Amino acid sequence: MSYDAHEVENKWQRIWAEDRVFEVEVDISKPKFYCLEMFPYPSGNMHMGHVRNYSIGDAMARFQRMMGKNVLYPMGYDSFGMPAENAAKKESGHPHTVTERNISMIRADQERMGYSYDWRRMFATSTPEYYRWNQEIFLKFYEAGLVERRFAPVNWCNDCDTVLANEQVKNNRCWRCGLEVVQKDMAQWFLKMTMYADELLEELDEIEFPENVKTMQRNWIGRSQGAHINFEIVDSGSVIGAFTTRPDTIFGVTFVTLSPEHPLCQELVSGTEYEEAWTELRDECSRMTEFERINMLKEKKGVPLGKFAINPLSGEEVPIYAGNFVVASYGTGAVMGVPGHDQRDYDFAKKYGIPIKPVLVRNKGDVAEEENPVFDGLGWMVNSTRETFDGLFGNEAKEAVISSLENEGSGHGTIQYRLKDWLLSRQRFWGTPIPMIHCDDCGVVPVNSSDLPVELPLDVKFSWEDSGNPLASNNKFLEATCPNCGNQATRETDTMDTFYDSSWYFMRFADSNNDSEPFASQNVNYWLEGGVDLYIGGIEHAVMHLLYARFFTKATRDLGMNLVGEPFGRLVCQGMLNAPAPFCVSCNSEYHVDYFGGKCPNCGNTLSTRSVKMGKSLGNTISPGDMVEKFGADTVRLFILFGANPEAGMDWSDSALEANSRQMNQIIEAFRNASDIESKSCEMDDWLLGRLLDNRTRWVDAMNDVSLREGVMISHFEMLSDWQWYRRRGGSDKSTIQRYLTNWAEMLAPATPHIAEEFWNWLGGEGLLASNTLSNISDLSSRNWSNILAREEYLRDLIDSARNIKSLAQKHSETPLTKMVIQTSPSWKSELACNAVEMSILDFDFKEKGQDYLKNLPIFENENLRGEIFQTWMSLTSGTKKKRGKINTWSEGQKTLVKNRFDESSTINKNSDFIANSLGIESVTSYRVGDGMDVAGKAKVSFPLEPGIAFI
RNA sequence: GCAGAGGUACCCGAGCUGGUCAAAGGGGCCGGACUUAAGCUCCGGUGCAAAGUGCUUCGCAGGUUCAAAUCCUGCCCUCUGCACCA
């Protein structure tokens with residue numbers, strides 16, 4: 001009955017490992033398939049999101065192996081990062097210890113699931129064996145001019161004397177001491193990613209990413225074409241440079257706004273009555289993180305700076321403001337205010353009584369009027385204070401303005417990106433040390449490549465009391481000699497953003513154990529040709545990680561390290577994993593699972609439940625460990641894959657999991673029972689082989705397409721129900737069964753590999769299924785199965801409709817019905833159907849010539865039949881309003897039956913016992929209409945493939 | 001606000017190059033067989049009607065068509081991402 005999942009699964013996991021079946025090497029004679037899942041951060045035990053991710057990946061890796069591909073399927077850990085530092089502080093240990101412990105936990109969980117990784121390639125980024133290559137590549141980038149050191153603001157807590165990450169800032173206050181966070185400028189390291197902005201944007205068109213991911217990346221790169229315009233300041237030598245995408249509105253400028261941090265502000269207000277108000281605004285803004293500046297800022301505020309700027313084309317003087325809505329880091333930190341055609345500028349102008357000057361109209365010849373909401377589309381220029389501009393439209397207008405600016409030296413056309421250079425440095429311990437040395441004499445000098453790695457010290461104590469970066473106070477780490485002059489110098493204490501680690505790990509997997517270079521290019525060129533073939537992960541990495549990795553691959557390509565420029569081919573973003581949580585309908589909010597069955601803490605109504613994203617905050621998580629313990633890894637994998645297609649959201653359901661467990665048991669039962677079947681061949685053998693061919697073909701298509709739900713439905717559900725039908729119909733041929741089960745075991749392997757391997761073993765399959773390629777069934781595809789499949793379909797349909805009719809008939813009878821009489825279509829109807837089908841193949845024009853054809857038939861002479869002949873013909877060829885004629889709706893198999901003059905009565909009589917059994921009656925007899933009594937007047941409803949059925 | 005995905009029977013979920021669609025598959029529920037019994041397993045039912053191919057359904061309202069879950073238009077709702085971006 002049930003089986004010991006743990007025993008079976010552990011056994012095969014051990015054997016797979018002993019036989020090293022998942023270990024691969026470059027083999028140019030075989031097509032490769034690189035299957036990769038997004039790099040996990042080891043935070044302890046594996047969670048359900050991981051299980052979903054890896055179950056998809058493993059199924060695909062195993063499938064592609066069966067398809068004869070050389071499959072690279074690696075696993076490793078993105079193990080640098082702040083959580084380990086915090087954990088270390090909590091237990092007064094070292095992040096290294098925490099990390100190692102977490103890695104062994106998640107790895108054990110993964111191994112228990114039976115994922116087919118090539119574990120020899122495993123690495124963790126927090127080991128010197130990996131991060132030394134981070135440093136090496138960084139030095140190469142430095143040489144190539146991709147690295148830059150400049151000032152940038154960080155979140156700073158004065159009390160704790162430390163940098164804060166965005167997530168350590170709560171309500172603009174330090175999470176530990178509660179002091180207000182300030183922005184502080186520090187010298188930091190940047191990678192000049194913007195050098196690749198155009199390529200990153202343009203190649204998006206070529207990549208096989210989901211559309212939404214592409215859109216997100218395009219938005220993130222945010223290329224906008226526009227103009228840089230210089231506004232001279234009255235009575236001052238200074239100039240404000242402003243970027244705009246709408247140079248065509250330049251004649252509508254009525255003010256200019258600077259970001260409060262803009263260096264010109266100080267200069268303009270210094271010593272004037274405006275200084276105080278500006279200082280206040282600037283301080284208020286500096287207290288906010290950029291995130292808040294952008295997201296929380298509801299009220300637009302500004303202060304006048306008391307000076308005026310000159311519009312370079314009109315010569316008009318307009319007031320200069322500082323405004324909190326201008327972001328210093330985008331563009332030039334200065335905006336030209338056009339309240340006539342920009343809603344934000346309009347609101348600002350209204351608030352501060354600034355004039356509004358519309359300069360564009362929708363239709364040629366219109367008069368410009370102030371509007372609210374403003375007209376911000378492209379329009380025709382009007383009200384220009386210079387001639388030649390009025391009457392220009394859209395892009396032409398923009399270009400005209402830009403060329404005037406360029407001619408007069410007061411501006412130029414330009415392209416602006418939202419994408420910024422990659423701020424690489426973190427003032428943290430648990431990351432790759434940036435291999436730089438500060439020398440009093442030589443300045444900042446790179447570490448010699450031969451001196452790498454710069455290792456993180458292990459003798460560091462972590463505690464909440466010591467704030468700041470422990471590296472900065474570790475003398476052994478700090479002391480260095482200058483590679484240039486040999487004098488005593490200080491080591492850089494900044495470490496790298498952990499996105500750096502994950503930006504090339506997929507290339508390292510191609511050559512994980514190389515200890516003389518990051519990777520040998522021939523290995524990467526083999527495995528990454530055309531990119532990673534299948535990359536599976538969450539949508540949350542759609543922008544940052546995927547963009548950094550793309551940049552990195554291009555940068556190393558330009559260093560000559562690899563040929564490929566785009567790291568990823570097909571990207572699949574798995575959907576959300578949901579689980580029930582208490583939900584209040586009237587408050588429209590979810591609560592922690594502790595509230596299950598209780599009242600809404602907000603309004604007191606009774607809570608219902610709703611499926612929401614699994615997460616710690618609601619506590620609606622499911623532990624994979626518990627589920628594996630209870631049901632075994634195969635069942636959990638089956639549930640995960642059958643629950644939803646990879647991209648779709650998925651709801652956790654205990655009862656569905658139990659149902660999948662039952663399904664597993666049924667499959668096991670089928671294989672088990674097959675061993676003691678007495679062999680006897682019959683027609684059903686062909687039927688089963690026909691079904692096998694059909695199922696296998698559809699399965700391969702679905703799997704190739706990563707439609708795992710559909711694939712699993714075929715392999716774990718349809719294959720079983722076909723098997724059951726075969727057995728019910730008396731099929732029991734040993735060699736047919738052996739063939740069916742062998743192929744079935746193969747199809748079971750990607751989703752539920754352990755039990756499939758067990759079956760393979762029972763069946764005496766050669767070697768291990770895990771390293772097997774899919775059986776060749778081309779001998780099956782060369783045969784035509786439609787007749788036998790259609791015949792069986794006919795019987796099934798017959799029984800279905802008979803069952804339906806029987807229940808109706810029973811209502812008209814006092815006594816139980818025991819006999820069924822089936823009158824099959826008279827031969828003239830069958831002939832007519834056969835002719836119609838054959839004629840339709842020859843594109844006979846039924847509309848035009850159908851009637852004539854009928855009238856010329858010999859049977860049409862029979863006047864009693866004429867009406868019925870006509871009716872039959874119509875339902876064969878043209879059908880009714882709602883239903884088309886049978887020649888259009890019959891399946892290929894049904895047409896085959898009709899053309900071959902399928903003998904319905906004899907088929908029914910041959911299977912009469914089975915039919916009688918299925919319907920719970922005593923006898924079944926069948927004859928053609930006219931060959932026996934017309935029982936219950938059913939002769940008239942008989943039709944080819946739809947006989948008249950009577951119960952008595 | 002912008003962009004993308006979507007709304008299918010009690011629930012989840014396929015279908016959506018128009019007809020073979022009362023709509024696959026699963027869950028749940030109901031009935032039958034097996035069993036001492038529960039469970040497991042097997043068979044069947046699950047819009048209404050009916051000794052049979054009929055009727056009303058695929059977010060709502062229209063439209064195209066001989067024919068619409070499928071195509072078009074408008075509206076409503078949900079989810080995801082982005083956003084004072086100049």
Side-chain angles (χ1 to χ4, degrees), chain A residues 1-2 210-216 218-220 222 224 226 242-246 249 257 293-295 297-300 323-327 329-338 342-345 347-348 373 416-418 539-540 542-543 573 575-576 611 613 642-645 647-651 653 655-660 662-663 665-666 669 707 709-710 712-714 717-718 721 724 727-728 800-813 817 875 878-886 888-891 894 917-920 936-938 941 943 946 948-951:
Chain A
M1 189 106 307
S2 69
E211 270 316 308
N212 59 334
V213 173
K214 288 189 188 182
T215 308
M216 284 157 77
R218 287 192 187 106
N219 289 342
W220 190 262
S224 49
F243 174 75
T244 178
T245 55
R246 297 300 302 273
T249 62
T257 316
R293 276 287 281 287
I294 294 166
N295 288 293
L297 207 59
K298 292 281 176 258
E299 192 197 358
K300 298 173 203 2
N324 64 354
F325 57 90
V326 181
V327 183
S329 59
Y330 184 79
T332 59
V335 178
M336 63 179 211
V338 185
D342 183 288
Q343 193 62 43
R344 192 197 53 203
D345 292 347
D347 297 342
F348 190 82
Q416 194 78 42
Y417 298 93
R418 183 183 176 278
I539 186 81
E540 67 271 19
V543 175
C573 290
M576 300 272 175
S611 206
K613 187 181 172 181
F642 185 62
N645 256 328
E647 287 96 340
M650 171 176 183
D651 294 331
S653 150
S655 62
L657 181 63
E658 281 160 28
N660 284 126
R662 287 199 296 271
Q663 189 75 20
N665 283 328
Q666 289 178 39
E669 213 50 17
S707 297
R709 193 189 135 90
E710 202 189 329
V712 165
M713 193 156 94
I714 297 165
F717 290 81
E718 291 176 14
S721 63
Q724 284 168 340
R727 297 288 298 140
R728 250 178 96 193
D800 272 355
S801 50
R803 194 170 359 243
N804 187 14
I805 292 162
K806 187 190 168 203
S807 68
L808 294 178
Q810 190 64 68
K811 293 181 193 164
H812 299 259
S813 168
L817 300 167
S875 56
S878 56
T880 61
K881 228 182 177 193
K882 285 205 134 178
K883 283 217 159 84
R884 293 159 91 205
K886 293 289 178 192
N888 298 309
T889 63
W890 272 330
S891 69
Q894 287 173 313
N917 240 320
S918 301
L919 295 170
K938 294 297 169 190
V941 298
F943 194 84
E946 292 164 36
I949 299 167
F951 286 91

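In the text below, chain A, chain B and the rest are named by the order of the sequence lines, each starting its count at 1. All figures in this text were calculated on a predicted structure; none of them were measured in a lab.
- B:G25 and B:A3 have their C1' atoms separated by 34 Å, given to the nearest Å.
- The distance from atom CZ of A:Phe717 to atom C1' of B:C12 is 13 Å, rounded to the nearest whole Å.
- Regarding contacts with the backbone of B:G44, a side-chain N or O of A:Arg728 is found under 4.0 angstrom from either OP1 or OP2.
- Taking atom NZ on A:Lys938 and atom P on B:U53, their separation rounds to 9 Å, with Å as the unit.
- When all heavy atoms of A:Val326 and A:Ala334 are compared, the pair lying nearest together is CG1-N, 4.2 Å.
- Among the nucleotides B:U53, B:A86, B:G27, the one closest to the side chain of A:Val941 is B:U53.
- When the P atom of B:G45 is taken as reference, atom CZ of A:Arg803 falls 6 Å away, rounded to whole Å.
- Regarding A:Gln894, its CD atom lies at a distance of 19 Å from the P atom of B:U53, rounded to whole Å.
- If you check every strand for non-hydrogen atoms under 4.0 Å, A:Ala950 touches a base.
- Each of B:A51, B:G28, B:G26 was ranked by its minimum atom distance to the side chain of A:Arg662; first place goes to B:G28.
- For the P atom pair drawn from B:A68 and B:A22, the interatomic distance equals 12 Å after rounding to whole Å.
- Nucleotides B:U35 and B:C43, compared at atom C1', are 16 Å apart to the nearest Å.
- Remark: A:Arg728 CZ to A:Gln724 CD distance equals 9.0 Å, nearest 0.5 Å.
- Residue A:Glu718 is the one, among A:Gln724 and A:Glu718, whose nearest nucleotide of RNA chain B lies closer to the 5' end (criterion: closest heavy atom).
- Look at B:C79: its Watson-Crick or wobble partner, with both distances under 3.5 angstrom, is B:G4.
- For A:Asn917 and B:G32, the CG to C1' distance is 14 Å, given to the nearest whole Å.
- The partner of B:G62 is B:C72, judged by Watson-Crick or G-U wobble contacts that both fall below 3.5 Å.
- Between A:Phe951 and A:Ala809, the shortest heavy-atom contact is CB-CB, 4.2 Å.
- Across all strands shown, B:U57 forms no Watson-Crick or G-U wobble pair with both key distances under 3.5 Å.
- Within the 4.0 angstrom heavy-atom criterion, base atoms lie near A:Glu946.
- Separating the P atom of B:G4 from that of B:G74 is a span of 14 Å, rounded to the nearest Å.
- Heavy atoms of A:Ala936 sit nowhere under 4.0 angstrom from any nucleic acid atom.
- Heavy atoms only, all atoms of each residue included: A:Val941 and A:Gly948 are closest at CG2-CA, 3.8 Å.
- Residue A:Gln666 places at least one side-chain N or O closer than 4.0 Å to OP1 or OP2 of B:C42.
- Of the listed nucleotides (B:A86, B:A51, B:G52), B:A51 has the atom at the smallest distance from the side chain of A:Ala809.
- Atom P of nucleotide B:G1 and atom CG of A:Asp342 are separated by 17 Å, given to the nearest angstrom.
- Here, B:G54 and B:G62 have their P atoms 25 Å apart, quoted to the whole Å.
- Closest approach of A:Arg246 to A:Met336, counting heavy atoms only: O-CE, 3.6 Å.
- Regarding contacts with the backbone of B:G25, every side-chain N or O of A:Arg709 stays at 4.0 angstrom or more from both OP1 and OP2.
- Here the P atom of nucleotide B:G25 and the CD atom of A:Glu710 are 14 Å apart, to the nearest Å.
- Using a 4.0 Å heavy-atom criterion, one finds that A:Phe951 contacts the bases of the nucleic acid, with or without backbone contacts as well.
- Within the model, atoms CG of A:Leu919 and CD1 of A:Ile805 stand 10.0 Å from one another, a figure rounded to the nearest 0.5 Å.
- Across every strand in view, B:U46 sits in a pair with B:G28 that passes the Watson-Crick or G-U test at under 3.5 angstrom.
- Look at A:Arg803 and A:Asp800 and you find a salt bridge, because one of the NZ, NE, NH1 or NH2 atoms lies within 4.0 Å of a carboxylate O, short of that distance.
- Summarising the base pairing, B:U36 is matched to no nucleotide, lacking a Watson-Crick or G-U wobble pair whose two defining distances lie under 3.5 Å.
- Base pairing of B:G18 is not made with any nucleotide, judged by Watson-Crick or G-U wobble geometry with both donor-acceptor distances under 3.5 Å.
- Across B:C75 and B:A24, the matching P atoms stand 33 Å from one another, rounded to whole Å.
- Distance check: A:Arg662 CZ to A:Leu657 CG gives 10.5 Å after rounding to the nearest 0.5 Å.
- Comparing A:Met713 and A:Leu817 along RNA chain B, the residue whose closest nucleotide (by nearest heavy atom) sits nearer the 5' end is A:Met713.
- Taking atom CH2 of A:Trp220 as the reference point, atom P of B:G81 lies 13 Å away to the nearest angstrom.
- Across all strands shown, A:Gly937 has no heavy atoms under 4.0 Å from either base or sugar-phosphate atoms.
- Looking at heavy-atom distances under 4.0 Å, A:Phe243 makes contact with a base.
- Heavy atoms of A:Asn804 sit under 4.0 angstrom from at least one base atom.
- For the P atoms, the distance from B:A5 to B:U56 is 34 Å, rounded to whole Å.
- For the C1' atoms, the distance from B:C11 to B:G28 is 7 Å, rounded to whole Å.
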